[in-house]
J.: 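One structure is given below, represented as C-alpha cells, and several questions about it will come after.
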Amino acid sequence: MEMETAEVSGEKKKKKGIVVLLIGPPGSGKSTFCDSVMKSPQRPWSRICQDIINKGKAGNKAQCLKMAIESLKEGKSVFIDRCNLDRDQRSDFINLLGGGPHVDQVHAVVLEIPAQVCISRSVKRTGHEGNLQGGRAAAVVNKMLQSKELPTLNEGFSRIMFCYSDADVDNAVKTYTMLGPMDTLPSGSFGLKHSDTKSQQPGIMKFFKKVSALPASSSSSNEKAATTPEANEKIEDVRVSPAKLGSVVPTLAFPSISTADFQFDLDKASDIIVETAEEFLPKLGSARLALVDLSHGSKILSLVNAKASRKNIDLERFFTFVGDITKLHSQGGLHCNVIANAANWRLKPGGGGVNAAIFKAGGPDLEAGTRARANTLVPGKAVVVPLPSTCPLRNAEGITHVIHVLGPNMNPNRPNCLNKDYTKGCKILREAYTSLFGGFLSTVEDQSKLPKRNNQATMSDSGAEDSERNKKYKGTQDKASTNNMESGDIGKKMSKGWRSWALALHVIAMHPERHENIVLESSDHIVVINDQYPKARKHVLVLARQEGVDGLEDVRREHIQLLEEMHNVGMKWIKRFQEEDASLIFRLGYHSVPSMRQLHLHVISQDFESDHLKNKKHWNSFTTSFFRDSVDVLEEVKSQGKANVESEDVLKGELRCNRCRSVHPNIPKLKSHIRTCPSQFPDHLLQSNRLLVRPETSN
DNA sequence: GTTCTAGAAC
DNA sequence: GTTCTAGAAC
C-alpha cells in the first residue's frame, strides 16, 4: 500500500511530523504521557488513541492509521496511543506512516512499568477510556504481556526510549515537550536496561524486575553510545523465547483456594491470600509466589492485586498471572517449579477445574505419588507430592512438586458446607494457605536454597519460631474450630486447630531423619519412638508416617494395611521388652481423641509405674474405654470402615483400679493400690489378646 | 502434651 | 498445715 507519492526529495527540512509509538500495556501510563507532553508543547501534537477514536469508543488500527495521516497532513506530530506490544502491531505504523511524505522520524517510547503497577492502575481507574477496569484488568494485562516483544531499531524506528521508572518517564516527557517544530532527536535506543540475567527472561518476566535497579538518569546520559551497533544488539538480547528460561528462582504458582466451586467470599479470600503471602515472603528468601487464574474475568486476581499494591509487599516476589496452571512455562512463559492444586478431600482426579487439569497433566505419576503420601485431606491442610522425572508435568513444565491443598467449603451442594460460617471459614482458609506456603517453604529448604529452619516446621503450623525446648511451642491456633455439624465422610473434626506443641509427633513422622537421636525404628510407613513422658515402665509410640491421618477418627479402610503394620511393629516391641523382663504385661492401642497430631499407637506396660502419670486424665486415658485396643480398632475398620471412638468425657470419671476396678479418691492412693493389687485383670481384657502377657508366664 | 499454682479438700 | 486437683498458661 502506498500513501501519496509527492515531494520525494524537495524540501527535506521543511515541517515534517514525528510519529511516536507508545508501547506498553494498559495502565502503563501511555495516555498520561501524551497528556503531559501536550500540556505545553513546543510543536503541535495529535494524540491518536485507539480507545476513543471511534466517536469516543474503541476503534481499530485502520482508523488510527487514517487519523494519524490526517494529523500529519495538517503538520502535526502524532502519538500513537495504543498498546503496540508486538512487532506485528507496530509494523503498519512504522511502514505506512514512516514511509509517508509528512513524516520525518518514527520513534518508540517504551513504558516498561511493572505489571503489578499497570494492573493496579487499570483496576483503580473506573473512567478509563478503554473500559478496562475491575476484574478484567489483571487478565488483560497479563495476556497482553505474554505477546510482548520489545521494539528494535531494525523494525524501522529511528529512536527508541525505554522508561522503567517515573523519573525515566518524566525525562521522556521533557524530551518531547521541548522538541521544537524543526527539531529532530538523535537516533538510537536509549535507556534499555541491562539484560543482567544469564538466563534470559521473556518479556513478561521483565515486567516483574526491580524498577529501582535502573538509575533514573541512565535514559538520557549515554545517548552517544546508544547509536552504536552494540546498542542494537542489546535490544535484540532482550527478545528471548520462553523456552530458554532457566529455573533460577523457586516459584510457587497457586490457584485461589475455595473461591471457585466452594464459593468462598472473594473479598475475604483476597485478604487472606495477601496477608498470608505477606507473612511468608520474608521466610522465602528469593522464592516467589504467583496467584494464577485461568479466567480472563478473574475478580480474585484484581482484588489481590489491588490489596497487594496497597501493602508493602515485594511485587516482584508476589504477583498474579493469567494462564493455565498446568502450562505456565510452555504457554505463559512463567517458570514455576511448584504448583498448588485445589484438591478435593479424596485427593482424586476429576471434578473439573484446577484439580482435574492438574491430575490430567500429572498423569499416573502424580496419582501414585499422591497416594504414597496421603489418601485424604481435611480442609486447611496440604500435602506436598514430589514428581518423578517421568512425570509429564516435570518434563514439559519443570514442575518438581505439586502441593495439594483443601480449603473450606461454602457451597451447600458440596460436602461439609460451613453454612456461611466465615469465622470458621476464614480460619480454615488461612490455615490452608499457611499449609500451602509452608509446604512450598519446605521444598525450598530441601533444595538448600535457604538455611533450614528449626525442625518443628510443619505444614499446618504457621511457622512457630520458638526455640527453647522445654517451653514447648506457643499456641498459634485455638482449638475452638473443631466440629462442624455436618456428618460428611470427612468426619466431625473437620479442621482441628492443632496447637504447636501438639505437632511434635507429626514432625517426627514426616522427618524421622531429623530426629535420629530419638527414633528407635523407622520404615516407609512407621516410626517408633519412646514416649517422652512414659506413663509406665515401658511406653513406646508407633507413629504412622502417612500425612493426613491425625488420629483414630481419620482412619478408614484404606488404612488397614498401615494399622496392621503398626500393630505388628508394636507386637515386635512387646516381645523384645518381654524378653528382657518376662513379667511385663502390655496393651496395644490408640487414644480415642489424641492430644497430639499424627496417628500413634501406644505400646504400654500395665504397671503404670511412672512419675509422669500424674492426673486423672493420664490414668483414664489408658484404663477406660477411651483406650481403644489395636485388635478392636482393626476389627472395626475392617467390618464397618472406621473405628469407634469414645468421648473425652470418660476421662473425667472416677479413678478405678485397672485390675480389680476398685475406686480410689486420688492419684497417690490409686498408685499405691495398683502397686500391690493382687487381682486378675478383667475378663474382657483377657480375651482376644487385648492384654499381652508372655506365653510362658501366667497372669 | 507439661508446668504452674490457687484454692479445695482433708 | 499439707496434699491434691483442676484450670490456666504455655
Side-chain angles (χ1 to χ4, degrees), chain A residues 454-482 493 495-512 515 517-520 527-544 549-554 589-604 608-624 626-628 645-657 662-675:
Chain A
N454 47 10
N455 59 17
Q456 69 271 26
T458 75
M459 308 211 313
S460 258
D461 184 20
S462 53
E465 300 290 349
D466 316 30
S467 53
E468 287 175 68
R469 271 248 159 135
N470 293 333
K471 275 200 178 164
K472 291 286 160 183
Y473 317 124
K474 271 200 296 274
T476 51
Q477 295 152 328
D478 67 71
K479 234 176 174 177
S481 78
T482 45
K493 297 232 165 174
S495 168
K496 186 157 178 168
W498 296 98
R499 297 272 190 166
S500 45
W501 50 256
L503 299 168
L505 298 181
H506 179 255
V507 172
I508 295 165
M510 294 302 130
H511 302 285
H515 303 269
N517 50 337
I518 57 166
V519 170
L520 303 176
V527 174
V528 181
I529 58 170
N530 272 309
D531 192 300
Q532 202 188 345
Y533 299 94
K535 304 300 186 293
R537 287 169 61 194
K538 294 294 177 190
H539 185 184
V540 300
L541 305 177
V542 182
L543 314 183
V549 197
D550 289 342
L552 209 46
E553 283 181 297
D554 300 325
Y590 303 87
H591 282 159
S592 286
V593 185
S595 295
M596 302 194 76
R597 179 178 176 187
Q598 201 64 19
L599 182 69
H600 53 283
L601 176 68
H602 290 270
V603 179
I604 185 166
F608 296 109
E609 257 182 62
S610 164
D611 290 343
H612 296 294
L613 199 161
K614 292 175 174 171
N615 59 43
K616 189 178 265 187
K617 184 177 180 181
H618 292 155
W619 177 257
N620 283 340
S621 71
F622 289 103
T623 60
T624 67
F626 188 82
F627 189 85
R628 304 296 338 279
V645 290
E646 182 60 87
S647 153
E648 287 171 282
D649 294 347
V650 301
L651 298 176
K652 295 189 172 131
E654 57 210 346
L655 294 167
R656 281 181 184 274
C657 171
S662 60
V663 178
H664 299 265
N666 56 47
I667 291 287
K669 292 206 166 64
L670 171 76
K671 283 179 125 181
S672 115
H673 167 80
I674 60 169
R675 269 197 288 274

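Protein chains get the first letters and strands the later ones, always in sequence-line order, with residue 1 at the start of each. Since this is a predicted model, take the numbers as computed values, not measurements. Note: hydrogens, waters and symmetry copies are ignored here, and every other heavy atom, side chains too, is used.
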J.: Kindly assign one of parallel, tilted or perpendicular to the pair Phe627(A) and His602(A), based on the angle between their ring planes and the thresholds 30° and 60°.
T.: tilted
J.: If you look at every heavy atom in Asp550(A) and Arg597(A), which pair is closest and at what distance?
T.: OD1-NE, 3.1 Å
J.: Give the residues of residues 664-673 of chain A touching DNA chain C, defined as any heavy atom closer than 4.0 Å, sorted by residue number.
T.: Asn666(A), Ile667(A), Pro668(A)
J.: Atom pairs under 3.5 Å, N or O on each side, protein against nucleotides 5-10 of chain B: can you list them with distances?
T.:
none

J.: Base, sugar-phosphate alone, or nothing: which one does His591(A) contact when heavy atoms must sit under 4.0 Å apart?
T.: sugar-phosphate
J.: What are the two closest non-hydrogen atoms of Val527(A) and Ile508(A), and how far apart are they?
T.: CG1-CG2, 4.1 Å
J.: What are the two closest heavy atoms between Ile529(A) and Ile518(A), and how far apart are they?
T.: CG2-O, 3.6 Å
J.: Please work out if Lys535(A) contacts a base, only the sugar-phosphate, or nothing of the nucleic acid, heavy-atom cut-off 4.0 Å.
T.: sugar-phosphate
J.: Indicate the atoms forming the closest heavy-atom contact of Arg628(A) with Val645(A), along with that distance.
T.: NH1-N, 4.4 Å
J.: If you look at every heavy atom in Leu543(A) and His600(A), which pair is closest and at what distance?
T.: CD2-CB, 3.5 Å
J.: Do His673(A) and Ser662(A) come close enough that some side-chain heavy atom pair is under 4.5 Å?
T.: yes
J.: Distance check needed: dT3(B) C1' versus Trp501(A) CH2, whole Å only.
T.: 13 Å
J.: In whole Å, what is the span from the NZ atom of Lys616(A) to the P atom of dC4(C)?
T.: 14 Å
J.: Sub-3.5 Å donor-acceptor pair from the side chain of Asp531(A) to the main-chain atoms of Tyr533(A), do we have one?
T.: yes
